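For reference, the structure is listed below as structure tokens.
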Number of protein chains: 2
Amino acid sequence: MVTIADVAKHAGVAPSTVSYVLTGKRSISPRTRSRVRESIRQLGYHPHAGARAFAGNRANVVALVLPLRPGVHLPAQMRIVTSVVTAARRHDMDVLIMTADQGAEGLRRVAAGARADGFLVMDVELDDVRVPPLREMPQPSVLIGRPAAAKGLVCVDLDFEAAGARCVEHLVGLGHRHVGFLGAPSVVYQRNTGYAQRTMAGFGAAAMRRGIASTALPAEDDYESVLGALRALLRAQPAMTGLVVHNEAALGWVVAGLRALGRKVPEDVAVVAICPDEYAEQRQLTSVQLPAEELGRRAVELLAARLAGVPAPALTLLAPKLSSRASSVPR
Amino acid sequence: MVTIADVAKHAGVAPSTVSYVLTGKRSISPRTRSRVRESIRQLGYHPHAGARAFAGNRANVVALVLPLRPGVHLPAQMRIVTSVVTAARRHDMDVLIMTADQGAEGLRRVAAGARADGFLVMDVELDDVRVPPLREMPQPSVLIGRPAAAKGLVCVDLDFEAAGARCVEHLVGLGHRHVGFLGAPSVVYQRNTGYAQRTMAGFGAAAMRRGIASTALPAEDDYESVLGALRALLRAQPAMTGLVVHNEAALGWVVAGLRALGRKVPEDVAVVAICPDEYAEQRQLTSVQLPAEELGRRAVELLAARLAGVPAPALTLLAPKLSSRASSVPR
DNA sequence: GTGAAAGCGCTAACAG
DNA sequence: CTGTTAGCGCTTTCAC
């Protein structure tokens, strides 16, 4: 194995100099630097990660804690994972994955053993069991999502409130004056799911600001329920020409349901969805998507900043991006 | 920070004794062991991962290399990831993830830096760019899948040949004497995709062994193509009452296609699929699934064995498991 | 701008 | 069955 001492000897410098060339933690004359670089290259030297972690008190590892419930939306999750890994590499860090079953105990083990320098927690729930251990450990963490008690934590999330509002703005921009909101199953709101409530609130507030009529209803995941909700929305607002849907499972039934009620999409009713991009693209729905790549990247950057001693904002909300597709046209 | 020396002092033993209690690498009297254990508990000691990796020449980390092409079948992949993490923990190892974009270079970096003790490579392709670096590095690796040149490598895979045969056995067991095989798009066979070819070969061989008639055809991913292939299969064998489908994308069209040709499933034609379990369950299809959990677990165990110096078999083939559902009935 | 040297916390060989 | 001790390869003071 080729060590830093070998490189030092080969380059005719001290080991510390090689170290400093590598870390850039003190200035090195260009001549020395290039000589060291050349030796590193010639000898094929790669610093030993263990030794480095040990001496430097930095593992150069970020632990990525996967969602508690599997399968929420796998493609989006995978994209977050990928973007986290890519972003982490830019900061010279590798990514350790932890799964739900490792729980709080696993977090403590990894933290206490200094196996990771920081934690990234995906798909955080309002009352998340992983939050308490995060508060106790010396390493910083960044949450993707927003727990109920976020005090003292650093979170990144899509700005769901703005997402709801953005949909209204889009519809208003197209000339619609009566809009509806088809939400998640009522149980989702009952259990205080943060993002669902915020989306609806954003929708309602935007409609109020624009001075237009709005109605909102939850819907279960079956055709009957969706049809019933659509019927109720149309009864409340017979002139409804714009519909915002925040319910992935219902998306499949919405167009058919509207059709059954005598409304064609997009001629009679413009539909805007808030859902993963694949869903929307496949069905050609105008939509606000979950910015998976950016979520992952920003989370890593916030963590890297904290590791570098730069304080991070408690909450980073990503602006929603609306993609206009075939399901919404001017009225 | 609480170190091994603190524990040793607290328990009134030497640091090495604590180490041996932890690793179990030499016998310790029950009294000493329990005293040390108690001190560890009281002091809340967790060994420093970096120091351990450094001194022991063991990072206790396995690198999991994700598939090159994303999205092949995410649920199955996620299940493999989860089972790998779970199994790795049983061997006191954590899991580092590497994504496709890190490529061969990333593998070399992680290997040379001794960041991981071994590599697990998912979804290996016949001519996989990740294979050459694996051969050069000192750490052992286990591949999930089978590359063309597997010489000297350790692989785990579903026994696709047996899977094809198993479907035939199932149909024959139900009394079917004329069976068809609807395969992947022809391009898949053209590019020598190992598992596709092996599945078909297993299907054909089993039919031969049982002395029954069989016909096989590829099918593209659209309804027209599936319908055409089904029509051709029925023309070749008008008495066909059993169909094996190895084409996820086509699955959605098969039942409708058979219906359009006047055959009801399962009364007229029994259908057996080779596909991820979710697909089959959702559509109530009899199927042979990809044993994701077992694949991950076995891969870890093989790697752990190699790390412990036990030579591993070059190829571990997992027996296919058939789940009988509504799409296949006795004739 | 560079070198020398002291550990970091743990493991494993050596000794008893 | 247990204690003593010598590093592992790197970072980081301290010194020049």
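Protein chains get the first letters and strands the later ones, always in sequence-line order, with residue 1 at the start of each. Note that the structure is predicted; figures quoted are calculated from it, not measured.
- No side-chain heavy atom of B/Leu290 sits less than 4.5 Å from a side-chain heavy atom of B/Pro276.
- B/Val62 is not listed as a side-chain neighbour of B/Val300, based on a closest heavy-atom distance of 4.5 Å or more.
- Contact annotation for B/Ser29: backbone-only contact, meaning every heavy-atom pair under 4.0 Å involves sugar-phosphate atoms and none involves a base.
- Rounding to whole angstrom units, NZ of residue B/Lys25 and C1' of C/dC10 are separated by 11 Å.
- Residue B/Ser19 places no side-chain atom within donor-acceptor reach of the base of C/dA12, judged by atom type and a 3.5 Å distance cut-off alone.
- Considering every non-hydrogen atom in both B/Pro67 and B/Ala100, the closest pair reads O-CB, 3.7 Å.
- Separating the NZ atom in A/Lys321 from the CG atom in A/Asp277 is a distance of 8.0 Å, to the nearest 0.5 Å.
- Taking a 4.0 Å limit (strictly below) on heavy-atom distances, residues 30-54 of chain B reaches DNA chain D at B/Thr32, B/Phe54.
- Comparing B/Gly56 and A/Gly56 by the nucleotide of DNA chain C that holds the closest heavy atom to each, the one mapping nearer the 5' end is A/Gly56.
- Remark: P of C/dG9 and CG of B/Asn60 are 18 Å apart, rounded to the nearest angstrom.
- Between the side chain of B/Arg297 and the backbone N or O of B/Thr86, no donor-acceptor pair lies under 3.5 Å.
- Between A/Asp128 and A/Glu125, the closest side-chain pair of non-hydrogen atoms falls below 4.5 Å.
- On the nucleic acid side, DNA chain D contacts chain A at distances under 4.0 Å to non-hydrogen atoms, with the end points of that region at D/dG9 to D/dC14.
- The shortest distance between side-chain heavy atoms of A/Leu134 and A/Val65 does not fall below 4.5 Å.
- Every residue two or more places apart in sequence or in another chain that forms a side chain to side chain contact (heavy atoms under 4.5 Å, CB included) with B/Ala312 is listed here: B/Val154, B/Leu302, B/Arg306.
- Under the 3.5 Å distance criterion, the side-chain polar atoms of B/Asp117 are matched with a main-chain donor or acceptor of B/Ala59.
- When each of A/Leu96, A/Val81, A/Asp94 is checked for a side-chain contact (heavy atoms from CB on, under 4.5 Å) with B/Ile97, only A/Val81 meets the rule.
- With axes fitted over five pairs at each extremity, the angle between the ends of the helix from C/dG1-D/dC16 to C/dG16-D/dC1 is 30° (10° resolution).
- Taken from CG in B/Leu143 to CG in B/Leu153, the straight-line distance is 5.0 Å, to the nearest 0.5 Å.
- With sequence neighbours excluded, the residues forming a side-chain hydrogen bond (donor to acceptor under 3.5 Å, both in side chains) with A/Arg41 are A/Glu38, listed by chain and number.
- Of the candidate nucleotides C/dA5, C/dT2, C/dG9, C/dG9 has the atom lying nearest to any side-chain atom of B/Ala55.
- A close approach under 4.0 Å does occur between a side-chain nitrogen or oxygen of A/Ser27 and OP1 or OP2 of C/dG1.
- Judged purely by atom type and a 3.5 angstrom limit, B/Ser83 uses its side chain to pair as donor or acceptor with the backbone of B/Glu293.
- Across all strands shown, A/Gly12 has heavy atoms under 4.0 Å from sugar-phosphate atoms exclusively, and none from any base.
- The CZ atom of A/Arg89 sits 10.0 Å away from atom CG of B/Asp101, with the distance rounded to the nearest 0.5 Å.
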Please tabulate, one pair per line, each protein N/O and nucleotide N/O from nucleotides 14-16 of chain C that are separated by under 3.5 Å, including the distance.
residue, atom, partner, partner atom, Å
C/dC14, N4, B/Arg26, NH1, 3.4

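- Residue contacts shown for B/Val18 are absent, as no nucleic acid heavy atom lies under 4.0 Å away.
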